[in-house]
Amino acid sequence: MSSDLLSFGEAQALVAAQAARLKPLGTERVALAAANGRVLAQTLRADRDQPPCSRSTRDGYACRAAEANAHKALTIAGSTGAGHSPSSPLPAESAWEIMTGAPVPAGADAVMMFEHVEASSGRVRLVPPRTIAPGENIVARGAQARIGDELLAPGSAIGFTQIALAASCGCPHLQVFLKPRVAILNTGDEIVPVESEPGPAQIRNSSGPMLAALVRDAGGEPWLLPTAPDNTPALEAALKQACEADLILISGGVSAGKFDLVEPVMASLGARFHFTGVRIQPGKPLVFGEVPSTDLNQDEDRTKCFGLPGNPVSSAVAFLLFAAPILRALAGYTHRGPRFALARLAEDVKGKAGLTRFLPATCNFAAPPGEFPAVRRVKGLGSGDLVAMAHSNCFLVLPEDAERLHAGETVRILLP
Ligand code: AMP
Ligand code: MG
């Protein structure tokens, strides 16, 4: 194995260090409903205490716990529903009918659930032997957040939970980071567009649409360029055009074949290279460098550029491991990935000396409590096997030093 190539860990550290130096491109204001999947560019602060009043989490009777625990009948002094304020504090030896979400009357320190009391002729009693603790079934004013508290920092991923929080803070709009424009340049004389009928030696461009989907998932806006043929002038012209983008992904043409021209063409445009191979399988010939930028709006005068191996499985793995963290940094995310999880190997698997392997696999995430989910390989024919990859939901990680992993061992999986 060529020992001059970086190990997976070394390449990952290099990419993480590069990602840490990148700045997001700018911000825009979007309606809350359009913020799902975007990256927060502002601090989200509580505009009031959360909850804004001490409120009941149950339908029942507000009371003083000490009085309720004496199991004497308490007079029902009033009734409050959600959205209304109690008309008075809670009198002594009394209970107050209350609905979920309603403010608790002053003086009450617990709420007895309807199911736990017996009520008759205007009085209510906690049924023995049940007792109630002070604070039970009440969330105190400001217990979740105080007015002015920072609830979300810039760089947070916005999903349905963050949208709910922003809505609760009275934000009909959010400031989000701009999406980086990512050029996708597929290469290869054999590659034809999805819409066309391929000749016997041609294949449809599957990496292009796949990378576009991956780019969207990582917070970018894909810009699919026409496929470049395997000749230097055409590739050079295409790459020059791609240099207007915020990030460039080239697929194909990075191996050792006679028509693998990406690296020399990048070099001829003045590229600096971070690495031209990593000890991983698939994806070993992966190239990471920077080409002079032609986008005058960019602060950086260089655009990061990945040369991904052409096989779709290799492209996907190399993207998830190395290109996604760079893209997520440009998109403003604090968490850049890649995301790994632990799983239990369901069968023996052979490693490969000197290479960290990433094998399409299925993980059964519905594991019983206390157990790691079981993961098994999707049997396939290597890194060109789209059928196998389409039936996977993760990649099983085999460390570089592992000759053989055994069923039952704890392993890492790479999540898409
Ligand atoms: P390369 O990295 O150019 O040597 O390509 C490796 C393998 O991936 C070859 O079998 C190519 O035909 C295939 N390949 C390259 N580009 C694509 C693409 N855009 N879609 C599907 N397969 C591709
Ligand atoms: Mg090729």
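Values below: all heavy atoms of this structure, side chains included; hydrogens, waters and symmetry mates excluded. In listed order, ligands and their atoms are each counted from 1.
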Under 3.5 Å between any N/O of Pro309 and any N/O of ligand 1: does that happen in this structure?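 No.
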Heteroatom proximity flag, Gly252 to ligand 1, N/O under 3.5 Å: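 No; the residue has no nitrogen or oxygen that sits under 3.5 Å from a nitrogen or oxygen of the ligand.
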Under 3.5 Å side-chain donor-acceptor pair for Thr27 and Gln175: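 The criterion, which ignores hydrogens and geometry beyond distance, is satisfied for Gln175 and Thr27.
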Any side-chain donor near an acceptor of the partner, Glu236 and Ser268, under 3.5 Å: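 The answer is yes; a qualifying pair exists.
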Quick test of your reading of the structure: of Gly253, Gly307, Gly310, whose heavy atom lies closest to atom 3 (O) of ligand 1?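 Result: the heavy atom closest to atom 3 (O) of ligand 1 is in Gly253.
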Could a heavy atom of [X] be found less than 4.0 Å from some atom of ligand 1?
X      : value
Gly257 : no
Ser206 : yes
Ser255 : yes

So which bit of Thr227 gets within less than 4.0 Å of ligand 1, heavy atoms only: side chain, backbone, both or neither?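 Neither part.
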Any carboxylate oxygen within less than 4.0 angstrom of a Lys/Arg side-chain nitrogen, looking at [X] and [Y]?
X      : Y      : result
Glu115 : Arg58  : no
Glu409 : Arg404 : no
Arg146 : Asp49  : yes
Arg377 : Glu347 : no
Arg181 : Glu221 : no
Arg279 : Glu400 : yes

[atom] - nearest protein heavy atom and its distance:
atom                    : answer
atom 9 (C) of ligand 1  : Glu190 OE2, 4.1 Å
atom 22 (N) of ligand 1 : Ile203 CD1, 3.4 Å
atom 19 (N) of ligand 1 : Asn205 OD1, 2.9 Å
atom 6 (C) of ligand 1  : Asn311 N, 3.8 Å
atom 17 (C) of ligand 1 : Ile191 CD1, 3.4 Å

Quick check against the 3.5 Å criterion: does Arg328 have a side-chain atom that pairs as donor or acceptor with the backbone of Thr334?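 Not confirmed, Arg328 side chain does not pair with Thr334 backbone.
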Which atoms of ligand 1 sit under 4.0 Å from any heavy atom of Asn186?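 Selected atoms, number and element: 19 (N).
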